[in-house]
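Quick notes on the structure that follows.
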Amino acid sequence: MQHYSGFGLVKHGLSYHENWQRMWRNPTPKREYDIIVVGGGGHGLATAYYLAKVHGITNIAVVEKGWLGGGNTARNTTIVRSNYLWDEAAWLYEHAMKLWEGLSQDLNYNVMFSQRGVMNLGHTLQDMRDIHRRVNANRLNGIDGEVLDVKQIQEIVPHMDCTANRRYPVMGASWQPRAGVARHDAVAWGFARGADALGVDLLQQTEVTGFRISGGKVLGVETNRGFIGAKTVGCVAAGNSGVLAKMAGFKLPVESHPLQALVSEPMKPILDTVVMSNHVHGYVSQSDKGDLVIGAGIDGYTGYGQRGSYPTIEHTLQAIVELFPIFSRVRMNRQWGGIVDTTPDACPIISATPVGGLFFNCGWGTGGFKATPGSGHVFAATLAAGKAHPLAAPFTIDRFISGKLIDEHGAAGVAH
Amino acid sequence: MLHIYCPHCEEHREEEEFRPKGEAHIARPADPENTSDEDWGNYLFFRKNPRGLHHEQWFHAAGCRKFFNVTRDTVTYDILETYLPGQQPAVTAESRKAKASAQASNQGAAK
């Protein structure tokens, strides 16, 4: 793999940048791999990367029906934070946060991780009680967090309307300074390049059409390019996880919903942090390019169409304009939808399944991007050992039978 | 924006008047005392979540405030029928498949 550096940039400048090495190969599938990862998004590519790097297993394929990072990895609003309420979730997301902090160096690829802070606003007394509780829980888990009053909020975001006579007045906020945003595509590309360099085969335009299962154990996957064998298969397919589970003959406690987002025209820098509000239901940040990146909640109905309904967008923008009247005349440039796999407790599923050798990493719902490196790291350990990594252990499918749910709706159900 | 026919009001109305309420035709375990954890878990949390035809409940929140059922394609979002609670869907994945194959064989016969 070509090492990226400032020196390299100058060197390639001399040859007009025409001799850069391709970031990854486009290999022909082998007959058999040790491990197959189904799904070439951020989580799948991170899984393959950490399998090769941490566990030394390099005879791996990532099977992707479209192109790398073309699903929710390309469609999210790039927010990274770890201020979750319950221990199990907080540990998992904080594990990811620690990997984020060294990710660009680890991958030798600039993922543009910018720790510009994330603010979760409170608009009611109950919001503020919940914020105090969550911030205290975070601090007990060693995760940074502060409760801000209105004056402190105004110092960070002077353009936000914090006057007391609004219908939903801003009463305070939780603040995680280490949180921020990252360049979503670069995350997928960086992991892909790193995995490819370690010998992982990235098989694009290879769609899984079924699993070959014998005696309750998986033997490999059927694809549009023929059968590919592997004794261990890990599925990381986000919104389409339920479809894969059906092929393997069992059900998952997930429902697939459209989640929409939109970006405005590029503007001069105006917002240097991330503002989220569960109560009025919207979140906004400004990308390095200058466009406002806006998102909110899922469309209520289930769907696989990668688009949602207009009323949801309207509701989102109402919330943003309520907070930032100054944005009311900003024109929106693009709008899109991704398909997110929501679980009843708003926590992911990282689990073995009724089929031996077949593992699922899904159910990240509306907030999977922030967990990309952590999810890949613990899922890689799970696949390599054939049993759950300690951080992944609470996130089994069985919790929906035993009732040991991890209810993160307060921190995860709405805003991401 | 979906345009939904409410079988109670007998009118088409815009999606904003309605709230989706999830999969329809889920039967509550008849004998709660003797239902296993697995069956309770399945009843509470596990849904079909199909890619294709989905029979689901909708609530006419800003209208008659009654529930009804909808058969909708989860890929195209086309609404194929709406029907009252207690009724069974006329359009199902099987009926659509049968119709498609009948059409295909008709076309074959015409040739």
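Every value quoted in this text rests on a predicted model; they were computed, and no experiment measured them. Just the heavy atoms: all of them, side chains too, but no hydrogens, waters or symmetry mates, feed the values below.
- Of residues 45-59 of chain B, those residues lying under 4.5 Å from chain A by any heavy-atom pair are B:Phe45, B:Phe46, B:Arg47, B:Lys48, B:Asn49, B:Pro50, B:Arg51, B:His54, B:Glu56, B:Trp58.
- Contacts of residues 300-307 of chain A with chain B at a heavy-atom distance below 4.5 Å involve A:Gly300, A:Tyr301, A:Thr302, A:Gly303, A:Tyr304, A:Gly305, A:Gln306, A:Arg307, listed in sequence order.
- For A:Glu314, the CD atom is densely surrounded, since the number of other residues' heavy atoms within 6.0 Å is greater than 12.
- Around OH of A:Tyr310, the count of heavy atoms belonging to other residues, nucleotides or ligands within 6.0 Å does not exceed 12.
- Residues A:Pro311 and B:Glu16 are in side-chain contact: their nearest non-hydrogen atoms beyond the backbone lie under 4.5 Å apart.
- For B:Arg19, no part sits under 4.5 Å from any heavy atom of chain A, backbone or side chain.
- Around CD of A:Gln205, the count of heavy atoms belonging to other residues, nucleotides or ligands within 6.0 Å does not exceed 12.
- The stretch residues 248-257 of chain A places A:Lys251, A:Leu252, A:Pro253, A:Val254, A:Glu255, A:Ser256 near chain B, each with some heavy atom under 4.5 Å from a heavy atom of that chain.
- Proximity to chain A among residues 27-39 of chain B is limited to B:Asp37, B:Glu38, judged by heavy-atom separations below 4.5 angstrom.
- Distance check: B:Glu15 CD to A:Ser309 OG gives 3.0 Å after rounding to the nearest 0.5 Å.
- Using a 4.5 Å cut-off between heavy atoms, A:Asp345 does not touch chain B at all.
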